[in-house]
Number of protein chains: 2
Amino acid sequence: MKEYSIGQMSRRTGVKVTTIRYYESRGLIPAPARTTGGQRRYDEAALERLAFLRHARELGFSLGDIADLIALAEAPSKDCAPAHEIARKQLAAVDRRMTILAQLREELVRMADADDPGHAGKCRVIEVLGDHRLCIGAHGRPDRSADLSGS
Amino acid sequence: MKEYSIGQMSRRTGVKVTTIRYYESRGLIPAPARTTGGQRRYDEAALERLAFLRHARELGFSLGDIADLIALAEAPSKDCAPAHEIARKQLAAVDRRMTILAQLREELVRMADADDPGHAGKCRVIEVLGDHRLCIGAHGRPDRSADLSGS
DNA sequence: ATACGATCTACAGCGACTGTAGGTTCAAGA
DNA sequence: TCTTGAACCTACAGTCGCTGTAGATCGTAT
């Protein structure tokens, strides 16, 4: 059966070496076997778990959510409503982010090709960013608690 | 001329009180006038600056970028190429994020309405998340450095 | 005058990493 | 077999952008 060093794990999943160790320290992946010299050696299962982790992180799940998911997956079945709840929550968050990003993209486009770089003097980038009146209240919801914080 | 307490600033811009103080401590907004009792009193200009800040944050600019932008805006014109550079960088980042989010959204939708919550037993949420083979390498770029980190 | 919410400072803590220092191990080539 | 040099190890501090806490003070409406 195949064995992987932490570096190979990193290359195969795209998760940085330091981050893999961090995940281990957080209990998100089990402590792997070690060589006599103390280096980590992972098996196929560990590779899959790490890929799952990377995947879930990309989906925007917090490490806490992921831990919950893992616990759910390892618990003797039971009710999966909590898992749905987590997924739905993430979906809502993603939708929110996408909406904002779409609006923002337009403004950035306006900014980026406002005038050729090099032209000194009037600089639309700063102008547009400064002229928040154009969009204050358009995206975001002033007079309510900000939802800038992620997750 | 109107004056605003920090709480009013917060309500008007959607930036939390603590965050406003944080921005001040980071030098992103100037220290405002104070009442004899020591409470902050802001003017219209400060309100605009804060709105700008909120706006720029929503656009995905880092506080560092924003500081640069402010410096550029306050400097005696000069060359605005750096501002363009920042805007273009952000635009690229936004595009990247949107692409990823769009793909992820689909997976989340698949998960979220995989089966009605309540049905015990098989839980597609965990199943889908576990079956990362469906997407490993599809989004994200394994074998390259991960770009999970923001900004 | 009193009450009560808003504000003050200072500082610790969070999430999710990332980087550093200083040492050890492993695998491939000479 | 020996030697190199990349990869690995631990421990811990630092980053970013906030957020929360404690305990005191302020300001305004009644």
Side-chain angles (χ1 to χ4, degrees), chain A residues 3-29 31-42 46 50 53-70 89-90 93 97 140 145-151, chain B residues 3-29 31-42 46 50 53-70 90 93 140 145-151:
Chain A
E3 289 204 324
Y4 305 99
S5 71
I6 198 168
Q8 288 171 322
M9 291 287 278
S10 175
R11 256 164 275 129
R12 278 168 162 271
T13 61
V15 178
K16 287 190 184 164
V17 167
T18 42
T19 306
I20 296 173
R21 288 198 279 251
Y22 171 69
Y23 287 163
E24 183 184 327
S25 80
R26 296 292 317 269
L28 289 161
I29 51 177
R34 301 275 187 146
T35 63
T36 46
Q39 300 196 357
R40 291 168 179 82
R41 284 300 115 99
Y42 298 90
L50 187 56
L53 240 166
R54 150 102 170 165
H55 181 194
R57 282 296 293 136
E58 277 181 338
L59 282 162
F61 291 89
S62 71
L63 293 188
D65 284 345
I66 294 172
D68 289 350
L69 249 8
I70 290 173
K89 214 182 66 194
Q90 285 309 315
R97 278 183 240 170
S145 67
D147 59 330
L148 287 170
S149 49
S151 181
Chain B
E3 289 204 325
Y4 306 100
S5 71
I6 198 168
Q8 289 171 321
M9 292 287 278
S10 174
R11 257 165 275 128
R12 277 166 162 272
T13 60
V15 178
K16 289 191 182 163
V17 168
T18 43
T19 306
I20 296 173
R21 288 198 279 251
Y22 171 70
Y23 287 163
E24 183 184 328
S25 79
R26 295 293 316 272
L28 289 160
I29 50 178
R34 301 275 188 147
T35 63
T36 47
Q39 300 197 354
R40 290 169 180 82
R41 285 300 117 97
Y42 298 90
L50 186 56
L53 240 166
R54 149 103 170 164
H55 182 195
R57 283 294 297 136
E58 275 179 339
L59 281 161
F61 291 88
S62 71
L63 293 188
D65 284 345
I66 294 172
D68 290 350
L69 249 8
I70 290 173
Q90 288 307 316
S145 68
D147 60 330
L148 287 171
S149 48
S151 178

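None of the values given here were measured: they were computed from a predicted structure. In the text below, chain A, chain B and the rest are named by the order of the sequence lines, each starting its count at 1.
For B:Gln8 against B:Glu3, the heavy-atom pair with the smallest separation is OE1-O, 3.8 Å. Of all heavy-atom pairs between B:Ile6 and B:Ile20, the closest is O-CD1, 3.7 Å. When all heavy atoms are compared, the tightest approach of B:Ser10 to B:Lys16 is OG-CA, 3.8 Å. Smallest separation of non-hydrogen atoms from A:Ile66 and A:Leu28: CG2-CD2, 4.3 Å.
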Give me the distances for all protein-to-nucleotides 11-17 of chain D N/O pairs that come in under 3.5 Å?
| from | atom 1 | to | atom 2 | distance (Å) |
| --- | --- | --- | --- | --- |
| D:dG17 | OP1 | B:Leu63 | N | 3.3 |

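Summarising the geometry, atom OG belonging to A:Ser5 is positioned 5.5 Å from atom CZ belonging to A:Arg41; distances are rounded to the nearest 0.5 Å. Separating the CG atom in B:Leu69 from the CG atom in B:Leu63 is a distance of 12.0 Å, to the nearest 0.5 Å.
The nearest whole Å value for the distance from the CG atom in B:Leu53 to the C1' atom in D:dC18 is 13 Å. Taking atom CG on A:Leu28 and atom C1' on C:dC17, their separation rounds to 13 Å, with Å as the unit. In this structure, B:Lys16 atom NZ and C:dC14 atom C1' are separated by 13 Å, rounded to whole Å. Taking atom CD1 of B:Ile29 as the reference point, atom P of D:dC18 lies 12 Å away to the nearest angstrom.
Under the 3.5 Å distance criterion, the side-chain polar atoms of A:Arg21 are left unmatched by any main-chain donor or acceptor of A:Ser25. Put simply, the side chain of A:Thr13 never gets that close to the backbone of A:Leu50: no donor and acceptor are under 3.5 Å apart.
In this model, the phosphate group of C:dG19 is not approached by any side-chain N or O of A:Thr18 to a distance below 4.0 Å at OP1 or OP2. Proximity of B:Thr19 to the phosphate of D:dT19: a side-chain N or O atom is located under 4.0 Å from OP1 or OP2.
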>> Can you build the contact string for nucleotides 3-9 of chain C? Use B for base contact, S for sugar-phosphate-only contact, and - for no protein heavy atom under 4.0 Å.
In response: ----SSB
